[in-house]
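All residue numbers refer to positions in the sequence shown, counting from 1. Fair warning: this is a prediction, and the values are worked out from it, not measured in the lab. Atoms within a ligand are numbered from 1 in the order they appear, just like the ligands themselves.
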Amino acid sequence: MNKFPENFIFGAATAAYQAEGAINEGNRGKNYWDDYLAEQGVFDPSRASDFYHKFPEDLALCEKFGVNGIRISIAWTRIFPAGVGEIDPVGVDFYHRLIDECLAKGVEPFVTLHHFDTPLPLFKKGDWLSEEMMAAYVKFAEFCFAEYGDKVKYWITINEPWSVVAGQYIIGHFPPNLHYDLPKAIQSMHNMMVAHARVVKAFKQGKYAGEIGVVHILESKYPISSSVEDKQAALKEHVLANQFLLDATFKGAYSEDTWQIISGILAENNGQLKTSTQDFEELAFAAKQIDFMGINYYASHFLQAYMGESQIHHNGTGEKGSSVFALKGVGERVNNPDVPTTDWDWPIFPQGLEDMLVFVKDRYPDYHKLYVTENGMGDKDLLVEGTVNDQARIDYVRLHLQAILNAVEKGVKVDGYFIWSLMDVFSWTNGYTKRYGLFYVDFETQARYPKKSAYWYQEISKNGVLK
Ligand code: BGP
């Protein structure tokens, strides 16, 4: 099958901090990246892709190239500079102008409320580990619904809880830069899902016209051999990174098989999960009410059993082969010689996307619909004569779109695809050399250049057929 369903969205994704720049515009407050990145002095996010000023040009490119959906996020600290309390009218106005421009250009905005950018004062109070943060997040969401709810049809509560906690508490490349603290990671994921649930409830009780969902990064996990130990390692990482969050999303509870593995990981790491009856009431309500789920998919992993202490090396430079990822009580990611990888060691395995889509349908038959809300290939693009010959990206995207069509044929309801990213943007832990965009950005001049992939994507979108 090579034909996409009717009304399929051929979108592209961005996130506020990665695209907007203009960090001193209006009365914007800091999120937890500002001081951290300034202290590190390696990457400067202050201009990013200057989407703050250039969004009319970017949306005109969307219109021209048939990109009919866009993921944007609302920077919490443009609305509430301190996370709570006083509101900045400049920020409020900016998102009105941005959303209006999306609608004027026929580009459906999918708006994320939290994309890795907790306000600094709330981060200092413990981020998602604190009740204050959760309460403030609900207030921020309620404000956005009331302000923009008549224009926005699709809301996303939180982007990638797993990536947040992996970055903050396991890998340590997101502030507060802790390593291997699995209990904190698990607690924070639970709390994020409870906060998500409260926001879903606020949205439904407010009777807004649109739809609401959550976005998870979901990476399939395969044993590298057929040994019982390697199978167990793959299952453990799958439950930790995927199934725990999916159960919270769709069941509103952790099923027996999930809990068995999570409690085992907690025991190995001397931790406990704090939950309350109210948490599960809130999760269960949201599980019934949620309208869609977004899946971000880039890679899958191959695992073997691992008995040692946790060890991780994050490849943030594109030095191929330098990654290490081994977690105590879980397993170790290993290279599969049959599977190619990007320069950042991300295995290119479209089958993992098809398998994941089918897994969601089979395990959570009450889901309503899915979107692939991010997928794409980071590469060291070269601008030659005003364009980039990014054939590797085209090949990557084609294979993943095919995987989606295969899943659709198997009965999975997927209503859209958002390539990461619309234009080249700032990458949290890799800076500006890892490019994903359909449009090349010269970060000096902020000029945009359509890559070969943009012309290719335009054809797919125009015909609704994969070639
Ligand atoms: C996802 C995030 C995006 C984006 C993307 C690419 O996890 O939602 O914000 O950054 O990954 O990742 P990276 O920039 O690390 O290559």
State plainly whether the residues [X] and [Y] are in salt-bridge range, i.e. N to O under 4.0 Å.
X	Y	answer
K434	D379	no
R393	D381	yes
D291	K369	no

**Prompt:** According to the interplanar angle, ranging from 0 to 90°, do the rings of W76 and Y137 count as parallel (below 30°), tilted (30 to 60°) or perpendicular (above 60°)?
**Reply:**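 It falls in the tilted class, 30° to 60°.
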
**Message:** Is the shortest side-chain heavy-atom distance between L178 and Q168 below 4.5 Å?
**Reply:** no

**Message:** Within the 4.5 Å heavy-atom criterion, are F43 and W428 side-chain neighbours or not?
**Reply:**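 They are not in contact (no side-chain heavy atoms under 4.5 Å apart), so the answer is no.
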
Only heavy atoms of [X], strictly under 4.0 Å: list the atoms of ligand 1 that pass.
X	value
N159	8 (O)
Q18	3 (C), 4 (C), 9 (O), 10 (O)
H115	2 (C), 3 (C), 8 (O), 9 (O)
N430	13 (P), 14 (O), 15 (O), 16 (O)
S427	13 (P), 14 (O), 15 (O), 16 (O)

Nearest-neighbour protein heavy atom for [atom], which is reported as residue plus atom name and distance:
atom	value
atom 16 (O) of ligand 1	Y436 OH, 2.5 Å
atom 1 (C) of ligand 1	E374 OE1, 3.1 Å
atom 7 (O) of ligand 1	E160 OE1, 2.5 Å
atom 5 (C) of ligand 1	Y298 OH, 3.3 Å

**Request:** From atom 12 (O) of ligand 1, work out which of W344, W428, W346 has a heavy atom at the shortest distance.
**Result:** W346

**Item:** Criterion side chain to side chain donor-acceptor pair (under 3.5 Å) against H216, the qualifying member of N296, T249, T373, N242
**Value:** T249

